[in-house]
Every structure is written in structure tokens, then in C-alpha cells.
Amino acid sequence: QVQLVESGGGLVQAGGSLRLSCAASGRLFSVYAMGWFRQAPGKEREFVGAISWRTGTTFYGDSVKGRFTISRDNAKSTVYLQMNSLKPEDTAVYYCAATERTYVKDEDEYDFWGQGTQVTVSS
């Protein structure tokens, strides 16, 4: 089993920055990639980005490309989401997830999910 815990959410002003963390534990030997998703009230869950544990290869959704950066610390089994130039439309609950497969942009491919952390961006 894999356990994921997000942290680092909060309230920021538009144009500001925030870094989210996702600490992973448990049986991680089969995890291929870690992904970030977000969901605003009444809206569909949206792919934010993902990173491969082994290679560090990253993937991003179009809405955050150029503003958000994903990184990982393999020794700590922790993935980070650095969010810059934040906009009010970035307001959502952000979730990290783990997948054993390679289709990292598809939420149905993820097996394990964290509890989420709230990010609110004021205008």
C-alpha cells in the first residue's frame, strides 16, 4: 500500500508563489510516476502535472505550463509542486497521486491519492 500526504496549501495573492509537498510512504517500488491534480468546487478534476520517479521527466497541463514546476527528492520520497505567477483561477484543492502505469495525464491510471490541500488565490 502507498500513503500520500500533501502539505503547503494556503492563501496567496495573485502573482504570488506557493510550494506544495507530497510525502509518499509504503510500498513504493512499483510506482512509476507521481501526479498532481486539482479540483475546484463544482468543476471537473484537472491534470496539473506529473514526474517520473526514475528519470525525473516532467509533464504539465496546458493551463499551468511555464508557471508551475514539479520536482522530486528521491531520498525523502517527496514530490514538490512549485507554483509561480498564481492566478485566481488556480484556486482549488490540490491532490497528489501515484501511478504504476505510464499514462500520467489520465486520472483513471492513478491508484493512490492524498487527502488534498487547499490553495486559494485572491485577486
Side-chain angles (χ1 to χ4, degrees):
Q1 186 68 289
V2 174
Q3 295 82 42
L4 306 173
V5 179
E6 303 100 330
S7 62
L11 174 64
V12 298
Q13 294 182 341
S17 299
L18 201 63
R19 189 178 79 159
L20 306 183
S21 299
C22 177
S25 61
R27 297 184 294 175
L28 306 178
F29 56 88
S30 62
V31 174
Y32 171 78
M34 298 289 295
W36 286 97
F37 293 82
R38 66 186 183 185
Q39 188 167 28
K43 297 184 178 180
E44 299 289 325
R45 187 177 297 176
E46 178 186 19
F47 173 75
V48 175
I51 187 168
S52 166
W53 274 119
R54 182 176 61 83
T55 67
T57 302
T58 54
F59 310 85
Y60 297 98
D62 291 338
S63 63
V64 306
K65 199 170 298 181
R67 297 189 298 122
F68 292 9
T69 303
I70 298 175
S71 60
R72 90 274 201 236
D73 185 333
N74 295 70
K76 296 182 178 180
S77 298
T78 299
V79 172
Y80 305 96
L81 179 66
Q82 179 66 47
M83 304 183 293
N84 299 324
S85 301
L86 283 163
K87 306 173 181 179
E89 50 262 45
D90 294 319
T91 295
V93 176
Y94 284 70
Y95 299 90
C96 67
T99 179
E100 298 176 353
R101 295 165 288 278
T102 60
Y103 294 103
V104 297
K105 296 183 179 181
D106 188 350
E107 64 179 317
D108 293 335
E109 298 296 328
Y110 287 80
D111 304 290
F112 309 100
W113 294 82
Q115 82 287 352
T117 185
Q118 177 71 47
V119 172
T120 302
V121 184
S122 62
S123 59

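All heavy atoms count here, side chains included; hydrogens, waters and symmetry mates do not.
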Looking at side-chain heavy atoms only, is the closest gap between [X] and [Y] below 4.5 Å?
X    : Y    : answer
W53  : M34  : yes
E107 : W113 : yes
I51  : W36  : no
L28  : S77  : yes
Y60  : I70  : yes
R101 : D111 : yes

Counting only N and O atoms by type, is there a donor-acceptor contact under 3.5 Å from the side chain of [X] to the main-chain atoms of [Y]?
X    : Y   : result
Q39  : V93 : no
Q115 : E6  : yes
T120 : T91 : no

Task: Basic-acidic side-chain contact under 4.0 Å: R67, D90 - done: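 Judged by the 4.0 Å cut-off on N to carboxylate O distance, R67 and D90 do form a salt bridge.
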Over all atoms of both residues, closest heavy-atom pair of [X] and [Y]:
X   : Y    : value
A92 : R38  : CB-CB, 3.8 Å
A97 : Y110 : CB-CD2, 3.3 Å
S17 : V12  : O-CG1, 3.9 Å
T78 : S21  : CG2-CB, 4.3 Å
A50 : V104 : CB-CB, 3.8 Å
Y80 : D73  : CE1-CB, 4.0 Å

Between [atom1] on residue [X] and [atom2] on residue [Y], distance to nearest 0.5 Å:
X    : Y    : atom1 : atom2 : result
S123 : Q13  : OG    : CD    : 9.5 Å
K105 : T99  : NZ    : OG1   : 14.5 Å
M83  : T69  : CE    : OG1   : 11.0 Å
C96  : F112 : SG    : CZ    : 12.5 Å

TODO: Return the set of residues passing ring-ring contact (aromatic ring centres under 6.0 Å, His included) with Y94 (not counting sequence neighbours), or none when no residue passes.
DONE: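 In terms of ring-ring contact (aromatic ring centres under 6.0 Å, His included), with neighbours along the sequence ignored, Y94 is linked to no residue.
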Determine, using the 4.5 Å side-chain heavy-atom cutoff (strictly less than), whether [X] and [Y] are members of one ILVMFWY cluster.
X   : Y   : value
L18 : Y95 : no
F68 : F47 : no
F37 : L20 : no

Task: Other residues, nucleotides, ligands: >12 heavy atoms within 6.0 Å of K65 NZ - done: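 Atom NZ in K65 is crowded, with more than 12 foreign heavy atoms closer than 6.0 Å.
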Task: Residues S30 and E100: side-chain donor-acceptor under 3.5 angstrom - done: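 Judged by distance alone, the side chains do pair up.
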